[in-house]
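Just dropping this structure here.
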Number of protein chains: 2
Amino acid sequence: MKRVVGSPGTWSGMALRLSQCVFAAASNFALHSAFGYSDYSAFFYLNVVLILQLMWSLGLACKDIFALRNKKDLHTEDNLSFVVTTDFVVAIFTFSGACASASVAIFFMWDVHFCGVYSQLACRQFALSAILAFITWLLQAASSFSGFWLLVSFF
Amino acid sequence: MKRVVGSPGTWSGMALRLSQCVFAAASNFALHSAFGYSDYSAFFYLNVVLILQLMWSLGLACKDIFALRNKKDLHTEDNLSFVVTTDFVVAIFTFSGACASASVAIFFMWDVHFCGVYSQLACRQFALSAILAFITWLLQAASSFSGFWLLVSFF
């Protein structure tokens, strides 16, 4: 089995997946602690996307742990193609959610200064959630490229 | 020279670049026709990103035309690496701009219904600009993957 850092079935790959879970959960927690987040489409969309991200990363982290314990090879072409394709799709969704929520948070904070006027608007939680979502996306992109790099070596 | 559809120095590649220019220009035109777009960070950011996209696509379209007229081979490893890397960076910027502006436009239209209340708010132009930016991103992604596919064949 070829060892590429961050690819499926390796210790670094599992660490990446677990980090994605932690950051996606933290981002979602920050979002849920903000009162009335679901009134805004961008934050509601981010919530949906983060749940998708969490489920995908958690599933693959479990698969990595199983493969490492049982010394199973996950580097088959079919498995890699499926993981890499879904990884890219999930990465695009997470990035779009992060951008969308960041832009609305910036709109509240700097464009119309709603945060100062309406004290019940949880601007800090919105901003924190967007930043954590961006970190999740970076980790997800690292996983995607690592898997893609390995897939390319089959051709 | 290997022929990959949409890669640098091919007719399809040049057509893709010119389409990117047309859609980026149309998106920017829609944005500039909206009164007070620069008051909002998301739309101002989209404007900057679209100018970057337009310059990059126009430059590469000219390079493609030059290469096709003079039968010059643009498929060297150095040239491809540079083009593909910058293509991916530009694609990420364009996508982030499109997501950011789409989320603010949706916020105006459906979350707080500002479009009905404030008639001077050019919601239609904002929405049109975001849609055209998404199409530009799709075309840019096609160019990036085509170049990347060709680059992979060198390894």
Side-chain angles (χ1 to χ4, degrees), chain A residues 2 4 36-49 84-85 88-89 91-115 117-118 121 123 126-127 129-130 133-134 137-138 140-141 144-145 147-155, chain B residues 2 4 36-49 84-85 88-89 91-115 117-118 121 123 126-127 129-130 133-134 137-138 140-141 144-145 147-155:
Chain A
K2 208 173 167 181
V4 173
Y37 80 92
S38 58
D39 294 343
Y40 308 104
S41 306
F43 299 124
F44 184 76
Y45 175 65
L46 180 64
N47 175 39
V48 173
V49 155
V84 167
T85 312
F88 269 106
V89 174
I92 288 174
F93 275 115
T94 306
F95 186 59
S96 65
C99 288
S101 54
S103 79
V104 175
I106 287 171
F107 174 79
F108 284 155
M109 290 193 289
W110 295 328
D111 291 348
V112 288
H113 306 285
F114 274 2
C115 302
V117 182
Y118 303 106
L121 205 62
C123 293
F126 290 150
S129 178
F134 272 116
W137 168 67
L138 282 176
Q140 175 66 23
S144 312
F145 273 100
F148 189 72
W149 196 247
L150 199 64
L151 190 64
V152 158
S153 66
F154 283 110
F155 293 106
Chain B
K2 209 173 166 182
V4 172
Y37 80 91
S38 57
D39 293 343
Y40 308 104
S41 306
F43 299 124
F44 183 76
Y45 174 66
L46 180 64
N47 176 39
V48 173
V49 155
V84 168
T85 312
F88 269 106
V89 174
I92 288 173
F93 276 115
T94 306
F95 186 59
S96 65
C99 289
S101 54
S103 78
V104 174
I106 288 171
F107 174 79
F108 284 154
M109 290 193 290
W110 295 328
D111 292 347
V112 287
H113 305 285
F114 274 1
C115 301
V117 182
Y118 303 106
L121 207 62
C123 294
F126 289 150
S129 178
F134 272 117
W137 168 68
L138 282 175
Q140 175 66 24
S144 311
F145 273 101
F148 189 71
W149 195 249
L150 198 65
L151 191 64
V152 159
S153 66
F154 282 109
F155 293 107

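Values in this document were obtained by computation on a predicted structure and should not be read as measured data.
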Got more than 12 heavy atoms from elsewhere within 6.0 Å of OH, A:Y45?
-> yes

Using non-hydrogen atoms only, which part of A:Y40 is less than 4.5 Å away from chain B: side chain, backbone, both, or neither?
-> both

Is the number of heavy atoms from other residues, nucleotides or ligands under 6.0 Å of A:F88 CZ greater than 12?
-> yes

Given the rule in the side chain to side chain contact (heavy atoms under 4.5 Å, CB included) test, do B:I92 and A:F95 qualify, once you have shown the distances and angles that lead to the verdict?
-> CA-CA 9 Å; B:I92 288 173; A:F95 186 59; 3.7 Å; yes

For B:F148, is it the side chain, the backbone, both or neither that has a heavy atom under 4.5 Å from a heavy atom of chain A?
-> side chain

Check whether B:F108 gets within reach of chain A through its side chain, its backbone, both or neither, counting any heavy atom under 4.5 Å.
-> side chain

Considering only the SG atoms, does B:C123 lie under 2.5 Å from B:C115?
-> yes

